[in-house]
Amino acid sequence: MAPEDNRGFNVYKGLQKPLVFKSLKGRYIYWGLASVLTGFFAAVVLSVSLNFFSGLVALVIVTFGGMGFTAMQQKKGLYHKTKSKGVYIMPAQWRRSARR
């Protein structure tokens, strides 16, 4: 008897988990990076145009505001949906008639 020929290729499918960096998951990593870079850019622009203190204030407000917004959005979930409270009764508009 010949052994069965089970040739094939092993496919690595990963761990099926989102990428996590410093408690940010998936696309929220890019949101966090964007808020930090925007804070630095705002700080540079305001430091050059006004003074150092205004740049420092802009850095803190924009960066921490953006990170807070990102954290709130991440807490809602990747595919956040509207959650309505209450009981909804759907009318049966498409019932088939019992005629035969």
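What you see is a predicted model; the values in this text were computed from it and never measured.
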Pair up each side-chain donor or acceptor in residues 61-72 with any protein partner under 3.5 Å, not counting sequence neighbours, and list the distances.
from, atom 1, to, atom 2, distance (Å)
Thr63, OG1, Leu59, O, 2.8
Thr70, OG1, Gly66, O, 2.8

- Query: Which value, rounded to the nearest 0.5 Å, describes the distance between Tyr28 atom OH and Gln73 atom CD?
  - Reply: 6.0 Å

What side-chain donor-acceptor pairs closer than 3.5 Å can you find for residues 34-44, not counting sequence neighbours?
from, atom 1, to, atom 2, distance (Å)
Ser35, OG, Gly32, O, 2.8
Thr38, OG1, Ala34, O, 2.6

- Message: Can you pull out every side chain to side chain donor-acceptor pair (under 3.5 Å) where at least one residue sits in residues 45-59? Sequence neighbours excluded, please.
- Response: Asn51-Ser54

